[in-house]
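Here's the structure we're looking at; comments come further down.
These figures come from a predicted structure and were not determined experimentally.
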Amino acid sequence: MLINYGSFMYFAYIFVAIGICVGLFFILRKKNDKIKKIVIASIAFLNLAQHVFKGLIYPHYWGNFSPHLSSAYNVCAFLIIASPFVFLWGCELFKNFITYIGTIAGMIAMLVPYWFIGQSAFQSEAYRFYLCHSLLFISSILPALLGMHRLRWRHFWKIGLLFFVMLGIIILNDMFFVAIGSYPVTNPSDIYGSLCEINPCWSIIPPKNFDWLTGLIRVFTPKFFEGLPILWYAIPMYIGITLVAFGVCVSLDFKSFKADFSAFKKRLRKSEEK
């Protein structure tokens, strides 16, 4: 069976991920926090383990594996590596970031699996792809659903900034593996050119065949930012992430938003009276 948009296997993998998440929610919702913590941490560390040891686990990598594939070479890889540590020891802001970005990244990857369109649903790489993104989605959203992470609306403007910090780490990671010659089809003597070929999250240069998108981005981007990694789309990207984050954060933390807004209006009145 092939994976195509709207096909049975396209939906099957997504429904399995959502079904497992919903099932775990109902199983864990009345358990104590210790059990919830153990289960979610186990899921996150399981995902980390399959990422780090993918060269040994998945047959299609046997004898043909590049070390960069176990690093933070793209957004989802970074999130998979960071998630278990943020879940156990991260601050509230980092936990909010993983909840939002991890949930979105995990699900979007499965909704738009363009790497596998027209390919067999039953192959080692497809299993790996859907396993890691399902576990990322589940471990990111489940803590919030179970009330283990407090999602605060005040963090909405920081999510986009952390996203750019994450991109910077990914670029440094890719630069390192290019420089030591461990990133296939790249040239250690031309690190920038190699990064342009890799182009993680389109952060280095505009993507090809997306003229409508790059044209829209240029409307919001100053001329002196064009041609600069990350900065070439930083402003519209930040605006987009922040607007989405504001809507989601306010809807999930409406009571706090309402209370803070009321307090702000009171302070405003007092300042006007003076």
Side-chain angles (χ1 to χ4, degrees), residues 11-58 70-72 74-111 126-156 158-159 162-163 166 169 244-245 247-257 259:
F11 288 111
Y13 280 125
I14 296 173
F15 287 158
V16 167
I18 295 174
I20 292 174
C21 186
V22 171
L24 286 171
F25 169 75
F26 282 106
I27 291 171
L28 296 173
R29 60 176 177 161
K30 294 184 179 179
K31 303 294 183 182
N32 60 52
D33 285 347
K34 182 178 180 180
I35 293 176
K36 294 176 183 177
K37 191 172 185 178
I38 291 173
V39 172
I40 295 172
S42 298
I43 294 171
F45 275 110
L46 174 63
N47 206 11
L48 174 61
Q50 71 80 33
H51 178 72
V52 172
F53 299 108
K54 66 173 65 171
L56 300 175
I57 297 171
Y58 302 103
S70 289
S71 70
N74 63 24
V75 169
C76 288
F78 174 90
L79 294 169
I80 289 169
I81 293 171
S83 288
F85 303 104
V86 170
F87 173 71
L88 291 177
W89 301 292
C91 65
E92 182 181 77
L93 171 60
F94 289 172
K95 290 178 179 179
N96 277 215
F97 177 77
I98 292 293
T99 296
Y100 293 128
I101 304 300
T103 299
I104 293 171
M107 182 51 66
I108 285 182
M110 293 187 287
L111 289 172
Y127 300 149
R128 183 207 64 80
F129 174 85
Y130 282 101
L131 174 64
C132 73
H133 289 99
S134 294
L135 294 179
L136 175 61
F137 168 75
I138 293 168
S139 63
S140 298
I141 197 172
L142 204 54
L145 293 177
L146 293 172
M148 301 188 71
H149 287 179
R150 178 71 185 275
L151 300 177
R152 296 187 183 275
W153 79 273
R154 291 184 178 185
H155 292 316
F156 80 92
K158 304 172 187 175
I159 303 299
L162 284 180
F163 183 83
M166 176 181 66
I169 295 173
V244 172
V248 174
C249 292
V250 169
S251 63
L252 296 177
D253 190 29
F254 186 72
K255 288 184 179 179
S256 295
F257 172 75

What pairs with Ile27 under side-chain contact (heavy atoms from CB on, under 4.5 Å), at least two apart in sequence or on another chain? none

Separation between CG of Leu136 and CE of Met110, rounded to the nearest 0.5 Å: 8.5 Å

Indicate the ring-plane relationship of Tyr130 and Tyr13, choosing parallel, tilted or perpendicular according to the 30° and 60° boundaries. parallel

Taking atom CG of Leu24 and atom NZ of Lys36, what is their separation to the nearest 0.5 Å? 12.5 Å

Side chains of Phe97 and Phe163, heavy atoms from C-beta outward: is any pair under 4.5 Å? yes

So, Asn47 side chain and Cys132 main chain: donor-acceptor pair closer than 3.5 Å or not? yes

Kindly say whether Val248 contributes a backbone atom to a donor-acceptor pair with the side chain of Ser251 at under 3.5 angstrom? yes

Classify the ring geometry of His133 against Phe129: parallel below 30°, tilted from 30° to 60°, perpendicular beyond 60°. tilted

Apply the test ring pair (Phe, Tyr, Trp, His ring centres under 6.0 Å) to residues Phe45 and Phe85: give CA-CA distance (whole Å), side-chain angles for both, the deciding distance (0.1 Å), then the verdict. CA-CA 9 Å; Phe45 275 110; Phe85 303 104; 5.7 Å; yes

Are Pro143 and Ile40 side-chain neighbours, meaning at least one heavy-atom pair lies under 4.5 Å? yes

Residues at least two apart in sequence or cross-chain that pass salt bridge (Lys or Arg N to Asp or Glu O under 4.0 Å) with Arg152, listed by chain then number, are Glu92

Using a 3.5 Å distance criterion without hydrogens, assess whether the side chain of Asn96 forms a donor-acceptor pair with backbone atoms of His155. no

Side chain to side chain contact (heavy atoms under 4.5 Å, CB included) evaluation trace for Val244 with Phe156: CA-CA 9 Å; Val244 172; Phe156 80 92; over 6 Å; no

For side chain to side chain contact (heavy atoms under 4.5 Å, CB included), just list the numbers for Ser83 and Lys95, CA-CA rounded to whole Å, side-chain angles, deciding distance to a tenth of an Å, and then say yes or no. CA-CA 8 Å; Ser83 288; Lys95 290 178 179 179; over 6 Å; no

Measuring only between side-chain heavy atoms, which start at C-beta, is Leu142 closer than 4.5 Å to Cys21? yes

Using modelled atom types and a 3.5 Å cut-off, is there a donor and acceptor pairing between side-chain atoms of Ser70 and backbone atoms of His51? yes

Evaluate side chain to side chain contact (heavy atoms under 4.5 Å, CB included) for Val16 paired with Ser134, printing each intermediate quantity in order. CA-CA 9 Å; Val16 167; Ser134 294; over 6 Å; no

Value for CZ (Phe87) from CD1 (Ile43), rounded to nearest 0.5 Å, stands at 9.0 Å

The test is side chain to side chain contact (heavy atoms under 4.5 Å, CB included); show your working for Phe25 and Ile141 and say whether it passes. CA-CA 10 Å; Phe25 169 75; Ile141 197 172; over 6 Å; no

Side chains of Met107 and Ile14 in contact at under 4.5 Å (non-hydrogen atoms): yes

Taking 4.0 angstrom as the limit, do Asp253 and Arg154 come out as a salt bridge? no

When rounded to the nearest 0.5 angstrom, what distance separates NZ in Lys31 from CD1 in Ile38? 12.0 Å

So if I apply the side-chain contact (heavy atoms from CB on, under 4.5 Å) rule between Ser140 and each of Thr99, Leu135, Ile98, which one comes out positive? Ile98

